Each structure stands twice: as C-alpha cells, then as structure tokens.
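Let me begin by presenting the structure, written as structure tokens, before commenting on it.
We name chains A, B, ... by the order of the sequence lines, and we start the count at 1 in each one. FYI, side chains are in, hydrogens and waters are out, and symmetry mates aren't considered; it's all heavy atoms of this structure. Everything quoted here is computed from the prediction, not taken from an experiment.
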Amino acid sequence: MSHSPIQPTILSRPVYGELEPRSGSQHLFVADAEGGEAILDMARAAPEGFFDKAHIIFIPKETGQSLVARLESLKPAQLHIAPSYSAVVPRLHRVLSSAHMGLQLYLSGTEGLMGQAMLEATNQGIPHTAIQTEHRGSLCRRVQCVHCKGITEDVTMDPFQCSHCGLHLFVRDHYSRRMAAFQGVCVDAENPGDIPEPVERFP
Amino acid sequence: MTIVFKEESFRDDFTYSNSDWAIQRFPFPFDKDSYMYSVNMERHVPVQAGSVFEAAFDVDEHYVSEMRDRALVLAEDPLRCQSLPHMTLAGWDVLELIMTSKAADYPEHFELHRDGDTWRWINRPLGIDQSFTFLDETTLPYGPLEYITRQAQGDFAVLDQRDDNLWMDAGMVTTQADWSLDFDIGMNFFEWHAPVPKAHEMGIFQRALQYLLNIRQGEPARRLNWTMTVNPLLDTSPENYHKWGVMRGELTPENIGQKLHLRVELQTFYRLPRSNGLLFPIRCYLISLQDLVTVPKWGRRLHRVIRDLPEELATYKGFIDNRPLILEYLSKYDDGAPTSPGIFPD
C-alpha cells in the first residue's frame, strides 16, 4: 500500500510505488524530508548486510535532525546529509557517472526531488523504468512557466505567481520528465487581471 | 503550375487572406454533419487535381510569408526547433524527403541536383541556392532538420520508434494549436497526448499508435484535425498564450466573420529510411468564416458540427465561451438543406 495520496490522472503524470530491496552490486538512495522514512520502512525487509553496499544521500529539509540518527543506525557504507538538492547535484553526478551495472537506485520524498534525481540518472543512461520511487511528504510541485521557462520549486498554491516573470500561473497535471516539472500556464490570459483566489492544492 | 506568392502577415495587422483559388482548395475537415474523434487515417495519395492532397508537401500562395513568420518566431524563441542528440540522422532523412518531394512536385520552384554526396538545392521563392555535402552538418547553415523546415510550411515532429512506442525526439514547431515542443520533447505518444480529453478512454490513441508503428517506407498516411482561432495567427503557442489569449475576447457579431478562422491541420506520416523514425508534418490551414461560408455546403455543415459538438471538446478546442456567437453567425448560412457526403465543395 502506498503512503502517497497521489493518484493517476492524465498519462504524462507520474505515479509512484513503494521502495523494496532488490539485489544489486550497489544501492544508491536519494531522499528528501519524509522520504527518509521510506528508506527506514524498506530497511525492515532488507536482507542482512544490505546496507554494507548502500550510499544514502539525504536532504532533511523541515524534518531537521529527526530522521538522521535512525538513518545512521542502518550503518550504510556512506551517509551524506545535504542542505539542498542543488548542493547534491555534483556528488550525484559523480556517483552515477562511475556506477557499474547492478547499481540499484532508490528515490523517495517529494516529486521535485525524485524527478530531478531521475533526470540526472536517465542522463547517465539508466532507464527511468529501472528506478524505484516512493512519494512521501509534501505534495508540492516543481513547475515550469511555459512562458518564461523559469522553474519555481515547491509550489503549493494554485494559481501561483511565477518566481521569475511574475505571471500568475495555473498548474497542469501535464508533466515532463526532461524538465522534471509540471507545466504552469498563465491563468488570466483571456481576461487580464481576473485571477482566481489561490487554493492550497499541493500541501 | 506557377504559384503567385502573397505578401501578408500572421501577426500585428493580420493581412493574411485566401484567394478564391485557396478557398476552393481549402481542406474542409468534416465529411458529414457531425464530428467525434476517430482514427480517420487514410493513405496519403493524391486525390483531386489542385487539392492540398495532391503534392507530398503542399506549397501554396502563403509559402513565402509563412516562412518569414517562422523566422520571426525562431528569432524570438530558438527553443521552437529542437533535436535530441540521437535524432541527427533522422534530420537528414527529413531533409532528403522534403527536397526530393518538392523538386518533383514543383520543378518550376525547386531543384535538387545530386552527385553522390554533393548536393545543390535551389529554392526560387525564397532565393536560396545552396551547395552542401549530404550527411555533413558543417556544410549547412543550420542542422539538417532546421535547415529544411525553415523552407517548408507547417510544423514537423520527428518521432523515434522504440519499445513499441513513438517518441517525440525532434521537431520544428511554430504554427501549433497550443502545445509546446520544448515541454513535450522526449515524451512518448501517450504522454504528449495526455491532456486531450475523451480520446484515451475511447481507445483512439492505442489504435492510432498501432497504425503508425506499422507505416512503411513509401506508404505515407494522412488525417485531418481542426480547431478555431481568432485572427489568422499561426503561432498559437502556449509560450505566447499570455499575449494571444486576450484575442479570444475580441469577437463581436460584427467582426466574427472576418476575425474567426477555422484552423485545419493536415497531418501526414512518413517512415524515414535510414533512422526508421517517423516524420509527422502538421500543416496548418486557416480560413475566415466569411470566406468559408462562400461554399454553401461548408457553411451549412460547420453550423451543424459546432452546434452539436460535446461541451468537453468545445472547451478543449478553446471556443466554448464564443460558441453562442459562432452559432448566431453560422445559423444564417444553414437553411436546413441536406449536404452531400465528403469534404469537397459541390
């Protein structure tokens, strides 16, 4: 049973599963916030010695220190606590670029985190269908403004104001893996100034 | 036949218009008095001399002005033409297909001379005389796909075929009905069609994909699609929706005949020989309502189609708010008389 309320809508909208231990030569985890709990839950089903070959990259966000000690107790070969996804990118790039056949990749947490890490992995030749994902925590979305092309992170309201060009955008379910983002489209194009009251659709 | 190319604009003062010749050959998309999605594919073979179905890539009086409009769009937004790295060979396939077809169909306007890999391309309407080496990108001013589609009307999606699916991995898209190549590039057939209502549940895309996966070299297919556009605006892109969306509110009973256009896409599908990709040209034709109703059969039929169209489709096609105004205008041209089968004028 998934812990996520995300349901399939249109066919470009990603859906997520539940992490499960697979056999592999190396296990790479990338998680943010409550995504750390998905790793802990999966660990219960993991065979002895599983984490000897594991590298966990964790971005606590608002979970602060609450999950860090429990992740340490899994005794992964490497545990890297990072302040943000963008701070993680060089490390992730380095690890993926030297990865061998048999690497298992596990992503958990917000859609923005999973989408971006997946993009990094697919750019390094890992097919997206071979990557495990589990959504946990906030429903916030990473949204690309179709007009100025700027991406706004952690969008919770719909409509919202583009953090780059300032247009008021409604958030579609149409999703691009290549952008790791949903599409935002001007909400008042046909009636300038007629902007609906924002609703917290992605708490 | 020598075509006289018009000087006209698709923006600002919108001087675009159709001659009587262009009206008579307009690809009216309804073969009966109602419309619902269907796979509606047929072989792309010439029918009816002078029609838009005669040449592989139809060239008409709007050619030179459309190519100028494309150049303006690209100058503003180079992301309208993109090609993922593995699609270069397919780009050469496209260049070859368009050059050989245009030279064969319109010898008075286009010439292609080939000596091994040394090619010379002459495009008289655009004043181009280019010698280059086939498959050598350094000998052209743009990549092969961009080079040739700056000289061909309509949008071009280039699809890679793998895993029993089609992937939108390259394209030139400046005359689109509100979809973004930049956002959709890299998506598979179901993903890029995801926002279309109803058709998924009806199995349309599953059947269409099966058909397209089996298209063979030398056996292209075609279908028509349609929507409505206020003003003869080719670039109804999502990128610029915040600029053109407001035009939808500008219709009045007085100006609707001149301002509202039926927008028809002639979609064709070609298997590409080297890459095994599929070329998906989407050629846009625009006709004002006032020109359309000069063909009585079309005036009658369009009234009935728009009147009976399910609300969901009218919303998706973007004219739900304007439907009462459109019906008020078109009803004057529908006397209730029966219409003949097929799309051509009586």
*With side chains defined as the heavy atoms from C-beta onward, is the minimum distance between B:Asn322 and B:Met228 less than 4.5 Å?*
no

*Partner chain B: residue of A:Asn191, A:Ile10, A:Asp173 with the largest heavy-atom pair count (under 4.5 Å)*: A:Ile10

_A:Gln65 atom CD, neighbour heavy-atom count above 12 within 6.0 Å_ = no

*If we ignore angles and hydrogens, is there a donor and acceptor under 3.5 Å between the side chains of B:Asp182 and B:Ser180?*
no

*Verify the distance criterion only: is there a donor paired with an acceptor across the side chains of B:Thr175 and B:Asp155 at less than 3.5 Å?*
yes

*Side chain, backbone, both or neither: which part of A:Arg172 has a non-hydrogen atom closer than 4.5 Å to chain B?*
side chain

*Do A:His93 and A:Glu120 have a side chain donor and acceptor closer than 3.5 Å?*
yes

*Go through the atoms of B:His200 and report whether side chain, backbone, both or neither lie under 4.5 Å from a heavy atom of chain A.*
side chain

*Which region of A:Gln144, side chain (C-beta onward) or backbone (N, CA, C, O), has a non-hydrogen atom less than 4.5 Å from a non-hydrogen atom of chain B, or is it both or neither?*
side chain

_Between A:His174 and A:Ser12, a side-chain donor and acceptor under 3.5 Å_ = yes

*Heavy atoms only, distances under 4.5 angstrom: which of B:Gly186, B:Gly249, B:Pro195, B:Ser237 has the most pairs with chain A? Name it, please.*
B:Pro195

*Which bit of B:Ile185 is near chain A, if near means a heavy-atom gap under 4.5 Å: side chain, backbone, both or neither?*
both

*Under 4.5 Å heavy-atom distance to chain B, tell me which part of A:Val185 shows up: side chain, backbone, both or neither.*
side chain

